[in-house]
Amino acid sequence: MNRLLLIVAILSFVSCKTDTELFDEVNEMAQFDKVYKPTLIQSGKESGFLEPMAEYSLFRIDSLDFRNLENSILANDRFKEGSFYFNIELNDFIYNNDLEIVNMSKSLITENEYDKIYYLYLLSDRETFAVYKVNH
């Protein structure tokens, strides 16, 4: 009986992890005024020794929310100029869908340069964005 309770508790804890976790972390750091409810399209991780070296998630939102998110990023001083962090799956998605990153000048957000670094890439279809977290 105790083993069954332990299994239920573990499953409950694991299921609490949301599909939007990476975006939620960026949202918390950026302190956006609006609540966004993106839909997860794809996600993945790059293997590391103890934890993933990096992980990404691709999301879709409606075009009005996309425009609001873009305005929030461009007006937010916490976002800095970023670069493209190469990941095969993310790169393939961008290339196969003939997309471009529209906010490279304001795509990087972090609390400090020695901790987790996040890139939020808005894509040119104006409905899709990617969040990429790099662990140092």
**Q** Around atom CG of D33, are there more than 12 heavy atoms from other residues, nucleotides or ligands closer than 6.0 Å?
**A**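 No, CG of D33 has 12 or fewer neighbouring heavy atoms, counting only those of other groups under 6.0 Å.
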**Q** Taking only Lys NZ, Arg NE, NH1 and NH2, and the carboxylate oxygens of Asp or Glu, determine whether D65 and K37 approach each other closer than 4.0 Å.
**A**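 Answer for the salt bridge query: no.
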**Q** Just jot down the side chain to side chain contact (heavy atoms under 4.5 Å, CB included) partners of N27, sequence neighbours excluded, or say none.
**A**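 Residues passing side chain to side chain contact (heavy atoms under 4.5 Å, CB included) with N27: F23, F32.
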**Q** Can you tell me how far the NZ atom of K116 sits from the CG atom of N135, to the nearest 0.5 Å?
**A**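 Spacing of NZ (K116) from CG (N135) equals 6.0 Å.
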**Q** If we check ring pair (Phe, Tyr, Trp, His ring centres under 6.0 Å) with F129, which of these qualifies: Y36, F59, Y121?
**A**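 Between F129 and the candidates, ring pair (Phe, Tyr, Trp, His ring centres under 6.0 Å) is satisfied uniquely by F59.
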**Q** My understanding is that only residues two or more places apart in sequence, or in another chain, count here; which of them pass side chain to side chain contact (heavy atoms under 4.5 Å, CB included) with E25?
**A**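 Scan of E25 (side chain to side chain contact (heavy atoms under 4.5 Å, CB included), adjacent residues dropped) gives E21, L22, Y118, K133.
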**Q** Would you mind listing every side-chain hydrogen bond (donor to acceptor under 3.5 Å, both in side chains) that reaches into residues 90-104, with sequence neighbours excluded?
**A**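 Not a single pair qualifies under side-chain hydrogen bond (donor to acceptor under 3.5 Å, both in side chains).
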**Q** Side chain to side chain contact (heavy atoms under 4.5 Å, CB included) with N71: which residues, sequence neighbours excluded?
**A**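 By the side chain to side chain contact (heavy atoms under 4.5 Å, CB included) rule, N71 matches R67.
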**Q** Would I88 and F84 show up in the same hydrophobic cluster when neighbours are defined by side-chain heavy atoms closer than 4.5 Å?
**A**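 I88 and F84: one cluster.
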**Q** Taking all heavy atoms of L40 and all of S57, pick out the closest pair and write down the distance.
**A**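 Shortest heavy-atom contact: CD1-CB, 3.8 Å.
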**Q** Please enumerate all residues that pass salt bridge (charged side-chain N to carboxylate O under 4.0 Å, His left out) together with R78, with sequence neighbours excluded.
**A**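 By the salt bridge (charged side-chain N to carboxylate O under 4.0 Å, His left out) rule, R78 matches no residue at all.
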**Q** What's the spacing between N87 CG and E55 CD if we round to 0.5 Å?
**A**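 Rounded to the nearest 0.5 Å, the CG-CD separation comes to 11.0 Å.
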**Q** Write down the atom of E28, the atom of Q31, and the distance for their closest heavy-atom approach.
**A**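 Here E28 and Q31 meet closest at O-CG, 3.4 Å.
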**Q** Let me see the working for L69 and I61 under side chain to side chain contact (heavy atoms under 4.5 Å, CB included), right down to the final yes or no.
**A** CA-CA 10 Å; L69 179 61; I61 56 176; 4.1 Å; yes
**Q** With clusters defined by side-chain heavy atoms of hydrophobic residues (ILVMFWY) lying less than 4.5 Å apart, directly or transitively, does F66 cluster with V35?
**A**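 Not linked; separate clusters.
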**Q** Please report the shortest heavy-atom distance between N76 and K106, naming the atom on each side.
**A**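 In terms of heavy atoms, the two residues are closest at O-NZ, 3.0 Å.
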**Q** How many angstroms lie between CD in E89 and CD1 in I94, if you round to the nearest 0.5 Å?
**A**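 Between E89 CD and I94 CD1, I get 12.0 Å after rounding to 0.5 Å.
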**Q** How far apart are the C-alpha atoms of R60 and D125, what are their side-chain angles, what is the distance that settles it, and do they pass the side chain to side chain contact (heavy atoms under 4.5 Å, CB included) test?
**A** CA-CA 10 Å; R60 182 157 285 132; D125 67 353; 4.0 Å; yes
**Q** Are L120 and S107 close enough, and set up right, to give a side chain to side chain contact (heavy atoms under 4.5 Å, CB included), and what steps lead you there?
**A** CA-CA 5 Å; L120 195 153; S107 61; 5.8 Å; no
**Q** Enter the distance from S63:OG to R126:CZ here, rounded to the nearest 0.5 Å.
**A**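 Rounded to the nearest 0.5 Å, the OG-CZ separation comes out at 9.0 Å.
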**Q** State yes or no: do M104 and L74 share one hydrophobic cluster built from I, L, V, M, F, W and Y residues joined by side-chain heavy-atom distances below 4.5 Å, directly or via other members?
**A**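 Result: no, two separate clusters.
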**Q** Using the test side chain to side chain contact (heavy atoms under 4.5 Å, CB included), find all partners of L58 that sit at least two apart in sequence or belong to another chain.
**A**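 If we apply the side chain to side chain contact (heavy atoms under 4.5 Å, CB included) test to L58, skipping adjacent residues, the hits are I41, Q42, Y56, L90, F93, L123, T128, A130.
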**Q** Evaluate side chain to side chain contact (heavy atoms under 4.5 Å, CB included) for V131 paired with Y119, printing each intermediate quantity in order.
**A** CA-CA 6 Å; V131 177; Y119 296 94; over 6 Å; no
